There are 2 protein chains.
Amino acid sequence: MALTRAAIVGAGLDILDRYGLADVSMRRVADALGVQAGALYYHVPNKQSLLAAVADEILADALGPGDHPSLEDWVTAWAHTLRRALLAHRDAAELVASTRALGLGAVDPCADGRERLAVGGIAEPSATMAALLHFVLGHVTQEQTAAQMAALGLTPAPEPTAADRDFAWGVGLVVRGMTTAAA
Amino acid sequence: MALTRAAIVGAGLDILDRYGLADVSMRRVADALGVQAGALYYHVPNKQSLLAAVADEILADALGPGDHPSLEDWVTAWAHTLRRALLAHRDAAELVASTRALGLGAVDPCADGRERLAVGGIAEPSATMAALLHFVLGHVTQEQTAAQMAALGLTPAPEPTAADRDFAWGVGLVVRGMTTAAA
DNA sequence: ACCTGAACACCGTTCAAGT
DNA sequence: ACCTGAACACCGTTCAAGT
């Protein structure tokens, strides 16, 4: 079977899930596909763009939390949907955060929310969604690294419900601030 | 002059400021000190702990925004003080974020705030400070990578006041949420 | 105790050469 | 057009050997 960009991205995602972000190297991806490392550069310009494509695939699962009665409910559901999509893949939050910091990645998880907030008359939709995204990525990154440290036995296993509670609290904080008029 | 842990951390911070996080390698730090890379391991257990020490030195400049009339003002000042300390060193936000995700670093920038919120009767002081820290680190990381991309000419220079406005907005969002009772 | 020199097992990326 | 093989310039970490 011919080497394709999709196959390369798929192999990258597979290695991410199995061994973590640190092990997603051009050589490892090439090995998994039975090909030389240099061959990848015919289909992908560099490692960063490969990682960005993997991040996009992960984010594609987080699109559309559906319809909700209120804007607050929609935003809250959006945050939880995004978190679930990130928790489905090892180191996904860290990967998405660094990809977005570099301005790479085609999928913008905030696009839908920005429009809905604007239509709903919420002030600063862009800054608001950005703030919420920063919280989600930061929280889930910490969650995922803590899980791996615990898996290695370097850290006592954290209480599983604590992360859920703190996440919900943080989302509520931003959502309440969003619907409260600025001073 | 003898090689010391403090000199190693200082050289690391210097390379960070001059060349960025990606260039802070054990070999580069050793070179700057006129020493072999292996020599560092006599004073520092590994690269991560060296980076954690550099992160601690950066955070040490962000301690104590002083006293403020209200709790809201104090928290707001804390966020802005932390941002300024991070902006003073290249890639500092990314460095602090990854150090804290790994549970390394002796300095806890949230410690003071947690206590003040608890005394002030604010609910969930720990989750609240964590949420605000995630926002600050995420925002400043994006700010610093955008600045570097612009410096390389890969991206048009962003409007300098936009980052300030969005940061202030995000802080206000969390602070307002903090002082609004949960549903 | 402290540092050198050299090694081990890796990296991302490039590129002539083959098919 | 697409891939191999080999190279270039790096990594973090370890460790015998020197002083």
Side-chain angles (χ1 to χ4, degrees), chain A residues 1-16 18-55 90-91 94-95 98-99 101-105 145 148-149 152 154, chain B residues 1-16 18-55 90-91 94-95 98-99 101-105 145 148-149 152 154:
Chain A
M1 75 205 148
L3 188 59
T4 61
R5 193 188 135 93
I8 292 171
V9 175
L13 183 55
D14 195 56
I15 294 174
L16 180 73
R18 277 217 255 270
Y19 308 101
L21 184 56
D23 284 36
V24 181
S25 70
M26 297 302 269
R27 283 174 151 95
R28 289 283 295 266
V29 171
D31 265 19
L33 295 165
V35 94
Q36 217 68 20
L40 302 182
Y41 289 85
Y42 205 87
H43 302 90
V44 155
N46 50 44
K47 188 189 177 184
Q48 275 303 341
S49 80
L50 165 52
L51 291 178
V54 174
R90 214 210 285 208
D91 293 332
E94 194 185 336
L95 170 61
S98 71
T99 295
L102 292 170
L104 304 177
T145 49
Q148 280 177 236
M149 304 271 289
L152 292 172
L154 302 174
Chain B
M1 71 203 150
L3 188 60
T4 60
R5 195 188 134 92
I8 293 171
V9 175
L13 183 55
D14 194 57
I15 294 174
L16 180 75
R18 277 217 255 270
Y19 308 101
L21 184 56
D23 284 36
V24 181
S25 69
M26 297 302 270
R27 284 174 150 95
R28 289 284 294 267
V29 171
D31 264 19
L33 295 165
V35 94
Q36 218 68 20
L40 303 181
Y41 289 86
Y42 205 86
H43 302 90
V44 154
N46 50 43
K47 187 189 176 182
Q48 275 303 341
S49 80
L50 164 54
L51 291 179
V54 174
R90 215 208 287 208
D91 293 333
E94 194 185 338
L95 169 62
S98 72
T99 295
L102 292 170
L104 303 176
T145 48
Q148 280 177 238
M149 305 271 289
L152 292 172
L154 302 174

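A quick note: this is a predicted structure, and the numbers were derived from the prediction, not measured. As a basis for the values below, the full set of heavy atoms in this structure was taken, side chains included, without hydrogen atoms, waters or symmetry mates.
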Residue among A:Val54, A:Asp23, A:Leu51 satisfying side-chain contact (heavy atoms from CB on, under 4.5 Å) with A:Leu16: A:Val54
Dot-bracket notation for DNA chain D, counting Watson-Crick and G-U pairs under 3.5 Å, with | for partners on another strand: ||.|||||...|||||.||
Distance (rounded to the nearest 0.5 Å) between B:Gln148 CD and B:Asp91 CG: 4.0 Å
Phosphate-side-chain proximity, A:His43 and D:dC3, N/O vs OP1/OP2 below 4.0 Å: yes
5' precedence on DNA chain D between A:Arg27 and A:Gly38 (nearest-nucleotide basis): A:Gly38
Nucleotide C:dG12, atom P - distance to CE of A:Met26 in whole Å: 7 Å
Ionic contact status for B:Asp14 with B:Arg18, cut-off 4.0 Å: yes
Contact nearer the 5' end of DNA chain D, comparing B:Val24 with A:Val35: A:Val35
Any A:Thr4 side-chain heavy atom under 4.5 Å of A:His43 side chain: no
B:Leu102 vs B:Gln48 side-chain heavy atoms within contact, under 4.5 Å: yes
B:Tyr41 side-chain N/O to D:dT13 phosphate OP1/OP2 under 4.0 Å: yes
Short side-chain N/O contact from B:Gln36 to OP1 or OP2 of C:dG5, under 4.0 Å: yes
Heavy-atom check, side chain of A:Met26 versus side chain of A:Leu50, under 4.5 Å: yes
